[in-house]
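Reviewing the structure listed below.
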Amino acid sequence: IKLNLYVLTPKRIIWDCEVKENILSTNSGQIGVLPNHAPINIAVDMGPLRIRLLNDQWLTAVLWSGFARIVNNEIIILGNDAELGSDIDSEEAQKALEIAEAKLSKAEGTKDLVEAKLALRRARIRIEAVNWIPPSN
């Protein structure tokens, strides 16, 4: 049994294919989805999306929050934005992390602090996506 996975953002379709399973970040932690999962509508938090293809290869994407609907072996994720792990440049991601850490240390006022923490969280998620090592089959 397979899952039909659709990952959509306002700008583009990130994913549209059959998969064996996926793991996504929610506001209450990560959730794994296998065939015949119970129907659920859930808020998706900023974080990695792990996708196990039919050939058992794992891919990673990064979701920048949204909603997911899981029903009848179909997963529809409507995200505010997303990027495939393969599209993330590791050196650029590392530089963004360093810049975010520096901005956080210099943040003054509530607005600067909130923006700096958000930038740091986004940078860490991108680094996590680039450095993720899939489980062995």
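The analysis underlying the following values was restricted to heavy atoms, covering all of them including side chains, and did not include hydrogens, waters or symmetry mates.
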Requested in this report: Can you measure from OG (S25) to CG (L49) and round to the nearest 0.5 angstrom?
Outcome: 8.0 Å
Query raised in the report: Of the options L53, N22, V19, which is the one that meets L59 in a side chain to side chain contact (heavy atoms under 4.5 Å, CB included)?
Result: L53
Query - In one Ile/Leu/Val/Met/Phe/Trp/Tyr side-chain cluster, 4.5 Å: L24, L84 - result: yes
**Report entry** Single-linkage hydrophobic cluster, 4.5 Å side-chain cutoff, I76 and I42 together
**Finding:** no
**Report entry** Student check: side-chain heavy atoms of V62 and I88 closer than 4.5 Å
**Finding:** yes
Query raised in the report: Taking all non-hydrogen atoms of both residues, which atom of A68 and which atom of I77 are closest, and how far apart?
Result: CB-CG1, 4.0 Å
Query - Cluster overlap I14 with I70, hydrophobic side-chain contacts below 4.5 Å - result: yes
**Report entry** K95 bridged to D89 by N-O distance under 4.0 Å
**Finding:** no
Query raised in the report: Do the charged groups of R126 and E83 touch, with an N to O distance under 4.0 Å?
Result: yes
Query raised in the report: Side-chain contact, heavy-atom cut-off 4.5 Å: R69 with P39?
Result: no
May I have the list of side-chain donor-acceptor pairs in residues 99-119 shorter than 3.5 Å, sequence neighbours left out?
residue	atom	partner	partner atom	Å
S105	OG	A102	O	2.7
K111	NZ	E115	OE2	3.2

Report task. Take N4 and I75, measure what side-chain contact (heavy atoms from CB on, under 4.5 Å) needs, and give me the verdict at the end. Result -> CA-CA 6 Å; N4 293 311; I75 306 161; over 6 Å; no
Query - Test item: T60 and I51 side chains (from C-beta on) under 4.5 Å apart, heavy atoms - result: no
Requested in this report: Could you state whether L3 and I40 fall into the same hydrophobic cluster, counting links through intermediate Ile, Leu, Val, Met, Phe, Trp or Tyr residues with side-chain heavy atoms under 4.5 angstrom apart?
Outcome: yes
Query raised in the report: Between K20 and W58, is a side-chain contact (heavy atoms from CB on, under 4.5 Å) present by the stated rule, with each step listed?
Result: CA-CA 10 Å; K20 280 191 175 178; W58 284 88; over 6 Å; no
Query - Euclidean distance, D45 CG relative to Q30 CD, rounded to 0.5 Å - result: 10.5 Å
Requested in this report: Can you sort out the partners of Q94 under side-chain contact (heavy atoms from CB on, under 4.5 Å), two or more places apart, ordered by chain and number?
Outcome: L97, E98, I127
**Report entry** Distance in Å, N131 CG paired with S90 OG, rounded so as to fall on 0.5 Å steps
**Finding:** 7.5 Å
Query raised in the report: When you measure from the side chain of N55 to the backbone N and O of Q57, does any donor-acceptor pair fall under 3.5 Å?
Result: yes
Requested in this report: Could you walk me through whether N80 and S65 pass the side chain to side chain donor-acceptor pair (under 3.5 Å) test, one step at a time?
Outcome: CA-CA 6 Å; N80 294 328; S65 71; 2.6 Å; yes
Show me the donor-acceptor pairs, under 3.5 Å and distance only, between side chains in residues 5-13 and residues at least two apart or in other chains.
residue	atom	partner	partner atom	Å
T9	OG1	K11	N	3.3
T9	OG1	R12	N	3.1
T9	OG1	R12	O	3.1

Query raised in the report: Does CG belonging to D16 count more than 12 external heavy atoms closer than 6.0 Å?
Result: yes
Requested in this report: Apply side-chain contact (heavy atoms from CB on, under 4.5 Å) to the pair W64 and I125, showing each step before the final yes or no.
Outcome: CA-CA 10 Å; W64 302 120; I125 289 168; 4.0 Å; yes
Report task. Give the C-alpha distance, both sets of side-chain angles, the deciding distance and a yes or no for side-chain contact (heavy atoms from CB on, under 4.5 Å) between I23 and V33. Result -> CA-CA 6 Å; I23 302 167; V33 181; over 6 Å; no
